[in-house]
Amino acid sequence: MNVPAAWYLVVATLLFGIGAFGLLTRRSALIMFMCLELMLNAVNLTFVTFSRTMSDIAGQASVFFVMVVAAAEVTVGLGIVVAVFRRRSSTSVDDLTELKG
Amino acid sequence: MIATAIYAPDFVVFCASTILIIVGAVGVISFKNPVHAALSLIMTLFGVAVAFVAQSADFLAAVQIIVYAGAIVVLFLFVIMFLGVGYGSKVDVEPLVGQRGFAIAGVVITIGGLIALMASSHWVTGPTSVTGKLAHGQANVKQLGTAVFTTYLYAFEATSLLLVIAVVGAVLLARRERATTRETTDEASNEELDV
(Lines give C-alpha, C1' and ligand atoms only; values in the text may rest on other atoms or scores of the structure.)
Protein backbone atom coordinates (compact mmCIF):
# COMPACT_ATOMS: atom_id res chain seq x y z
CA MET A 1 0.00 0.00 0.00
CA ASN A 2 1.31 3.41 -0.94
CA VAL A 3 1.56 6.37 1.42
CA PRO A 4 -1.91 7.94 1.82
CA ALA A 5 -2.64 11.03 -0.24
CA ALA A 6 -3.65 12.87 2.95
CA TRP A 7 -0.05 12.97 4.20
CA TYR A 8 1.23 14.60 1.02
CA LEU A 9 -1.61 17.13 1.17
CA VAL A 10 -0.66 18.06 4.74
CA VAL A 11 3.00 18.51 3.71
CA ALA A 12 1.91 20.69 0.78
CA THR A 13 -0.27 22.78 3.12
CA LEU A 14 2.66 23.32 5.49
CA LEU A 15 4.92 24.29 2.59
CA PHE A 16 2.31 26.77 1.37
CA GLY A 17 2.02 28.25 4.87
CA ILE A 18 5.78 28.67 5.25
CA GLY A 19 5.96 30.36 1.85
CA ALA A 20 3.07 32.69 2.68
CA PHE A 21 4.65 33.64 6.01
CA GLY A 22 7.95 34.45 4.31
CA LEU A 23 6.18 36.51 1.65
CA LEU A 24 4.38 38.53 4.35
CA THR A 25 7.38 39.18 6.61
CA ARG A 26 10.56 39.35 4.49
CA ARG A 27 11.37 42.69 2.90
CA SER A 28 13.92 41.73 0.26
CA ALA A 29 12.31 41.43 -3.17
CA LEU A 30 14.56 38.48 -4.08
CA ILE A 31 13.55 36.48 -0.97
CA MET A 32 9.90 37.31 -1.66
CA PHE A 33 10.26 35.76 -5.13
CA MET A 34 11.76 32.64 -3.56
CA CYS A 35 8.79 32.41 -1.17
CA LEU A 36 6.50 32.71 -4.18
CA GLU A 37 8.30 29.70 -5.68
CA LEU A 38 7.70 27.77 -2.45
CA MET A 39 3.95 28.44 -2.67
CA LEU A 40 3.84 27.43 -6.34
CA ASN A 41 5.64 24.19 -5.49
CA ALA A 42 3.14 23.44 -2.72
CA VAL A 43 0.32 23.75 -5.25
CA ASN A 44 2.24 21.55 -7.72
CA LEU A 45 2.57 18.89 -5.02
CA THR A 46 -1.18 18.86 -4.41
CA PHE A 47 -1.80 18.64 -8.18
CA VAL A 48 0.43 15.56 -8.46
CA THR A 49 -1.12 13.98 -5.36
CA PHE A 50 -4.65 14.41 -6.72
CA SER A 51 -3.45 13.16 -10.11
CA ARG A 52 -2.20 9.94 -8.51
CA THR A 53 -5.29 9.45 -6.36
CA MET A 54 -7.73 10.10 -9.20
CA SER A 55 -5.53 8.20 -11.67
CA ASP A 56 -5.89 11.09 -14.10
CA ILE A 57 -3.14 12.70 -16.20
CA ALA A 58 -4.80 16.17 -16.19
CA GLY A 59 -3.21 17.05 -12.85
CA GLN A 60 0.28 16.41 -14.17
CA ALA A 61 -0.45 18.44 -17.30
CA SER A 62 -1.52 21.32 -15.04
CA VAL A 63 1.80 21.10 -13.16
CA PHE A 64 3.60 21.30 -16.50
CA PHE A 65 1.85 24.58 -17.34
CA VAL A 66 2.34 25.98 -13.83
CA MET A 67 6.09 25.38 -14.24
CA VAL A 68 6.15 27.26 -17.56
CA VAL A 69 4.26 30.22 -16.11
CA ALA A 70 6.53 30.23 -13.04
CA ALA A 71 9.61 30.36 -15.26
CA ALA A 72 8.18 33.32 -17.20
CA GLU A 73 7.18 35.08 -13.97
CA VAL A 74 10.66 34.72 -12.45
CA THR A 75 12.30 36.02 -15.64
CA VAL A 76 10.19 39.19 -15.73
CA GLY A 77 10.29 39.64 -11.95
CA LEU A 78 14.07 39.48 -11.74
CA GLY A 79 14.26 41.91 -14.67
CA ILE A 80 12.15 44.35 -12.65
CA VAL A 81 14.35 43.80 -9.58
CA VAL A 82 17.46 44.60 -11.64
CA ALA A 83 15.81 47.74 -13.04
CA VAL A 84 14.74 48.92 -9.56
CA PHE A 85 18.17 48.19 -8.10
CA ARG A 86 19.82 50.24 -10.82
CA ARG A 87 17.61 53.22 -9.97
CA ARG A 88 18.00 53.19 -6.15
CA SER A 89 20.70 50.63 -5.17
CA SER A 90 18.40 48.55 -2.97
CA THR A 91 16.15 45.51 -3.33
CA SER A 92 14.15 46.21 -0.17
CA VAL A 93 10.47 46.77 -0.94
CA ASP A 94 10.26 49.26 1.96
CA ASP A 95 12.30 51.76 -0.05
CA LEU A 96 9.64 51.94 -2.78
CA THR A 97 7.44 54.58 -1.17
CA GLU A 98 6.70 56.98 -4.04
CA LEU A 99 2.95 56.37 -3.85
CA LYS A 100 2.78 56.88 -0.08
CA GLY A 101 0.24 59.59 0.73
CA MET B 1 -7.65 6.02 4.93
CA ILE B 2 -4.90 6.79 7.44
CA ALA B 3 -5.01 3.36 9.10
CA THR B 4 -3.98 1.25 6.15
CA ALA B 5 -0.81 -0.82 6.09
CA ILE B 6 1.99 1.17 4.47
CA TYR B 7 4.82 -0.41 2.56
CA ALA B 8 7.97 0.45 4.53
CA PRO B 9 10.22 1.83 1.71
CA ASP B 10 7.44 4.17 0.60
CA PHE B 11 7.22 5.50 4.14
CA VAL B 12 10.99 6.10 4.25
CA VAL B 13 10.87 7.98 0.92
CA PHE B 14 7.95 10.06 2.17
CA CYS B 15 9.78 10.99 5.38
CA ALA B 16 12.96 11.90 3.46
CA SER B 17 11.08 14.14 1.02
CA THR B 18 9.14 15.78 3.86
CA ILE B 19 12.33 16.58 5.80
CA LEU B 20 13.96 18.02 2.66
CA ILE B 21 10.89 20.14 1.86
CA ILE B 22 10.25 21.55 5.34
CA VAL B 23 13.89 22.16 6.33
CA GLY B 24 14.61 23.84 3.00
CA ALA B 25 11.50 26.03 3.22
CA VAL B 26 12.34 27.16 6.76
CA GLY B 27 15.86 27.93 5.54
CA VAL B 28 14.53 30.11 2.71
CA ILE B 29 12.54 32.34 5.07
CA SER B 30 15.13 32.50 7.87
CA PHE B 31 18.56 32.90 6.23
CA LYS B 32 19.84 36.48 6.10
CA ASN B 33 22.16 35.92 3.16
CA PRO B 34 20.17 35.61 -0.12
CA VAL B 35 22.71 33.09 -1.47
CA HIS B 36 22.02 30.73 1.44
CA ALA B 37 18.28 31.21 0.92
CA ALA B 38 18.66 30.25 -2.76
CA LEU B 39 20.61 27.11 -1.79
CA SER B 40 17.84 26.20 0.69
CA LEU B 41 15.35 26.70 -2.13
CA ILE B 42 17.26 24.05 -4.14
CA MET B 43 16.84 21.69 -1.15
CA THR B 44 13.08 22.22 -1.10
CA LEU B 45 12.79 21.81 -4.87
CA PHE B 46 14.75 18.56 -4.65
CA GLY B 47 12.42 17.30 -1.91
CA VAL B 48 9.41 18.09 -4.07
CA ALA B 49 11.07 16.20 -6.95
CA VAL B 50 11.49 13.17 -4.64
CA ALA B 51 7.79 13.40 -3.76
CA PHE B 52 6.99 13.51 -7.51
CA VAL B 53 8.99 10.33 -8.13
CA ALA B 54 7.30 8.62 -5.18
CA GLN B 55 3.95 9.43 -6.79
CA SER B 56 5.08 8.14 -10.21
CA ALA B 57 5.26 11.55 -11.91
CA ASP B 58 8.68 10.77 -13.38
CA PHE B 59 8.74 13.35 -16.17
CA LEU B 60 7.73 16.17 -13.85
CA ALA B 61 10.43 15.18 -11.36
CA ALA B 62 13.06 15.45 -14.10
CA VAL B 63 11.65 18.80 -15.26
CA GLN B 64 11.58 19.98 -11.65
CA ILE B 65 15.31 19.36 -11.29
CA ILE B 66 16.28 20.67 -14.74
CA VAL B 67 14.06 23.75 -14.94
CA TYR B 68 13.73 24.80 -11.30
CA ALA B 69 17.00 23.76 -9.68
CA GLY B 70 18.97 24.05 -12.90
CA ALA B 71 17.60 27.23 -14.45
CA ILE B 72 15.44 29.29 -12.12
CA VAL B 73 17.68 29.05 -9.04
CA VAL B 74 20.74 29.74 -11.21
CA LEU B 75 18.92 32.84 -12.47
CA PHE B 76 18.29 33.86 -8.86
CA LEU B 77 21.96 33.32 -7.96
CA PHE B 78 23.05 35.20 -11.08
CA VAL B 79 20.95 38.23 -10.12
CA ILE B 80 22.17 38.07 -6.49
CA MET B 81 25.80 38.00 -7.64
CA PHE B 82 25.18 40.60 -10.35
CA LEU B 83 23.61 43.09 -7.96
CA GLY B 84 26.03 42.27 -5.14
CA VAL B 85 23.19 42.01 -2.63
CA GLY B 86 24.82 40.98 0.64
CA TYR B 87 23.41 41.05 4.13
CA GLY B 88 21.24 44.05 3.32
CA SER B 89 17.96 42.31 4.08
CA LYS B 90 17.13 42.88 7.71
CA VAL B 91 15.37 39.82 9.12
CA ASP B 92 14.75 41.13 12.61
CA VAL B 93 13.49 44.62 11.78
CA GLU B 94 9.71 44.99 11.85
CA PRO B 95 8.71 48.01 9.75
CA LEU B 96 5.03 47.73 10.73
CA VAL B 97 4.01 47.23 14.35
CA GLY B 98 2.76 43.71 14.97
CA GLN B 99 3.21 42.64 11.36
CA ARG B 100 4.88 39.37 12.27
CA GLY B 101 2.18 38.46 14.77
CA PHE B 102 -0.58 39.15 12.26
CA ALA B 103 1.31 37.13 9.63
CA ILE B 104 1.65 34.14 11.98
CA ALA B 105 -2.02 34.35 12.94
CA GLY B 106 -3.17 34.56 9.33
CA VAL B 107 -0.96 31.68 8.19
CA VAL B 108 -1.99 29.43 11.11
CA ILE B 109 -5.67 30.15 10.47
CA THR B 110 -5.18 29.38 6.74
CA ILE B 111 -3.29 26.12 7.36
CA GLY B 112 -5.71 24.99 10.09
CA GLY B 113 -8.71 25.85 7.95
CA LEU B 114 -7.34 23.99 4.92
CA ILE B 115 -6.45 20.86 6.91
CA ALA B 116 -9.80 20.90 8.76
CA LEU B 117 -11.62 21.35 5.46
CA MET B 118 -9.78 18.43 3.83
CA ALA B 119 -10.19 16.18 6.89
CA SER B 120 -13.91 16.85 7.07
CA SER B 121 -14.32 16.06 3.37
CA HIS B 122 -12.43 12.73 3.43
CA TRP B 123 -9.28 14.31 1.87
CA VAL B 124 -9.79 13.23 -1.72
CA THR B 125 -13.25 12.82 -3.18
CA GLY B 126 -14.60 12.54 -6.69
CA PRO B 127 -14.69 9.96 -9.44
CA THR B 128 -11.47 8.38 -10.63
CA SER B 129 -10.55 8.52 -14.30
CA VAL B 130 -12.35 6.03 -16.50
CA THR B 131 -10.79 6.64 -19.89
CA GLY B 132 -7.07 6.88 -19.18
CA LYS B 133 -5.58 5.17 -16.14
CA LEU B 134 -2.34 6.70 -14.95
CA ALA B 135 0.66 4.85 -16.33
CA HIS B 136 4.03 4.33 -14.62
CA GLY B 137 7.65 4.69 -15.73
CA GLN B 138 8.32 5.39 -19.39
CA ALA B 139 4.62 5.13 -20.18
CA ASN B 140 4.05 8.13 -17.90
CA VAL B 141 6.16 10.34 -20.17
CA LYS B 142 4.28 9.09 -23.22
CA GLN B 143 0.91 9.65 -21.56
CA LEU B 144 1.78 13.17 -20.43
CA GLY B 145 3.15 14.02 -23.87
CA THR B 146 -0.01 12.76 -25.52
CA ALA B 147 -2.17 14.83 -23.18
CA VAL B 148 -0.13 18.01 -23.65
CA PHE B 149 0.03 17.74 -27.44
CA THR B 150 -3.61 16.77 -28.02
CA THR B 151 -6.00 17.82 -25.24
CA TYR B 152 -4.02 20.87 -24.13
CA LEU B 153 -2.51 21.84 -27.50
CA TYR B 154 -3.89 25.41 -27.50
CA ALA B 155 -2.69 26.00 -23.94
CA PHE B 156 0.73 24.68 -24.97
CA GLU B 157 0.91 27.09 -27.91
CA ALA B 158 -0.16 29.93 -25.62
CA THR B 159 2.72 29.12 -23.24
CA SER B 160 5.20 29.40 -26.11
CA LEU B 161 3.85 32.90 -26.82
CA LEU B 162 4.05 33.71 -23.10
CA LEU B 163 7.69 32.63 -22.93
CA VAL B 164 8.65 34.80 -25.92
CA ILE B 165 6.91 37.81 -24.35
CA ALA B 166 8.64 37.13 -21.02
CA VAL B 167 12.09 36.88 -22.60
CA VAL B 168 11.65 40.08 -24.62
CA GLY B 169 10.26 41.89 -21.57
CA ALA B 170 13.11 40.76 -19.34
CA VAL B 171 15.72 41.91 -21.88
CA LEU B 172 13.98 45.26 -22.20
CA LEU B 173 13.71 45.75 -18.42
CA ALA B 174 17.24 44.71 -17.52
CA ARG B 175 18.89 46.59 -20.41
CA ARG B 176 20.96 49.62 -19.53
CA GLU B 177 19.82 52.89 -21.08
CA ARG B 178 22.59 53.71 -23.52
CA ALA B 179 20.90 55.13 -26.61
CA THR B 180 22.94 58.34 -26.46
CA THR B 181 26.25 56.69 -25.55
CA ARG B 182 25.92 54.28 -28.46
CA GLU B 183 25.61 57.14 -30.94
CA THR B 184 28.73 58.78 -29.56
CA THR B 185 30.70 55.53 -29.69
CA ASP B 186 29.52 54.99 -33.26
CA GLU B 187 30.75 58.45 -34.19
CA ALA B 188 34.02 57.79 -32.41
CA SER B 189 34.55 54.52 -34.26
CA ASN B 190 33.69 56.23 -37.57
CA GLU B 191 36.26 58.90 -36.87
CA GLU B 192 38.81 56.22 -36.11
CA LEU B 193 38.01 54.56 -39.42
CA ASP B 194 38.33 57.90 -41.25
CA VAL B 195 41.73 58.46 -39.74
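Throughout, protein chains are lettered first and strands after them, A, B, ... in sequence-line order, and every chain is numbered starting at 1. The analysis underlying the following values was restricted to heavy atoms, covering all of them including side chains, and did not include hydrogens, waters or symmetry mates.
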Undergrad: Tell me, for B:I165 versus chain A, whether the close heavy atoms (under 4.5 Å) come from the side chain, the backbone, both or neither.
TA: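 Nothing of B:I165, per the 4.5 Å heavy-atom cut-off to chain A.
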Undergrad: If you define the side chain from C-beta out and look only at heavy atoms, does anything of A:T49 sit under 4.5 Å from B:Q55?
TA: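 In contact.
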Undergrad: Side chains of B:V79 and A:V82: closer than 4.5 Å at any heavy-atom pair?
TA: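 SC-SC contact between B:V79 and A:V82 confirmed.
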Undergrad: Could you go through A:N44 and B:Q64, starting from their C-alpha distance and side-chain angles, then the distance that decides it, and tell me whether this counts as side-chain hydrogen bond (donor to acceptor under 3.5 Å, both in side chains)?
TA: CA-CA 10 Å; A:N44 281 352; B:Q64 174 90 4; 4.8 Å; no
Undergrad: Check the angle between the aromatic planes of A:F64 and B:F156 and answer parallel, tilted or perpendicular using the 30° and 60° thresholds.
TA: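 Ring orientation of A:F64 relative to B:F156: parallel.
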Undergrad: In terms of relative ring orientation, are B:Y152 and A:F65 parallel, tilted or perpendicular, with 30° and 60° separating the classes?
TA: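 Judged by the thresholds at 30° and 60°, the geometry between B:Y152 and A:F65 is perpendicular.
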Undergrad: Do A:L38 and B:L41 touch side chain to side chain, with heavy atoms closer than 4.5 Å?
TA: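 The answer is yes; the side chains approach within 4.5 Å.
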Undergrad: Would the distance check show the side chain of A:R86 and the main-chain N or O of B:A174 forming a donor-acceptor pair, the cut-off being under 3.5 Å?
TA: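 Yes, the answer is positive, given that a donor and an acceptor are paired below the 3.5 Å cut-off.
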Undergrad: Relative to chain A, which segment of B:F78 carries a heavy atom at a distance below 4.5 Å: side chain, backbone, both, or neither?
TA: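 Neither the backbone nor the side chain of B:F78 comes within 4.5 Å of chain A.
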Undergrad: Is B:A147 in contact with chain A via its backbone, its side chain, both, or neither, using a 4.5 Å heavy-atom distance?
TA: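 Answer is side chain: those atoms of B:A147 sit under 4.5 Å from chain A.
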Undergrad: Below 6.0 angstrom between ring centroids: does that apply to A:Y8 and B:F14?
TA: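 Between A:Y8 and B:F14, the centre distance is under 6.0 Å.
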Undergrad: Checking heavy atoms, do the side chain of B:V26, its backbone, both or neither come under 4.5 Å from chain A?
TA: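 Both backbone and side chain of B:V26 come within 4.5 Å of chain A.
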Undergrad: Of the backbone (N, CA, C, O) and the side chain (C-beta and beyond), which part of B:V148 lies under 4.5 Å from a heavy atom of chain A, both, or neither?
TA: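 Only the side chain of B:V148 comes within 4.5 Å of chain A.
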Undergrad: Side chain, backbone, both or neither: which part of B:L114 has an atom under 4.5 Å from a heavy atom of chain A?
TA: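 Contact with chain A is through the side chain of B:L114 alone.
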Undergrad: If I measure from the heavy atoms of chain B, does A:A12 come under 4.5 Å with its side chain, its backbone, both, or neither?
TA: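 A:A12 has no heavy atom closer than 4.5 Å to chain B.
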Undergrad: Check each atom of B:A38 against the heavy atoms of chain A and say whether the ones under 4.5 Å are side chain, backbone, both or neither.
TA: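 Both parts, backbone and side chain.
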Undergrad: Where on B:A54 is there a heavy atom nearer than 4.5 Å to chain A: the side chain, the backbone, both, or neither?
TA: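 When you check distances to chain A, atoms from both the backbone and side chain of B:A54 fall under 4.5 Å.
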Undergrad: Would you check if B:V48 and A:L15 make a side-chain contact, meaning some heavy-atom pair closer than 4.5 Å?
TA: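 B:V48 vs A:L15: side chains touch.
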Undergrad: Measuring only between side-chain heavy atoms, which start at C-beta, is A:Q60 closer than 4.5 Å to B:N140?
TA: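 Yes; the side chains approach each other to less than 4.5 Å.
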Undergrad: What part of B:I111 lies closer than 4.5 angstrom to a heavy atom of chain A: side chain, backbone, both or neither?
TA: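 Interface part for B:I111: both.
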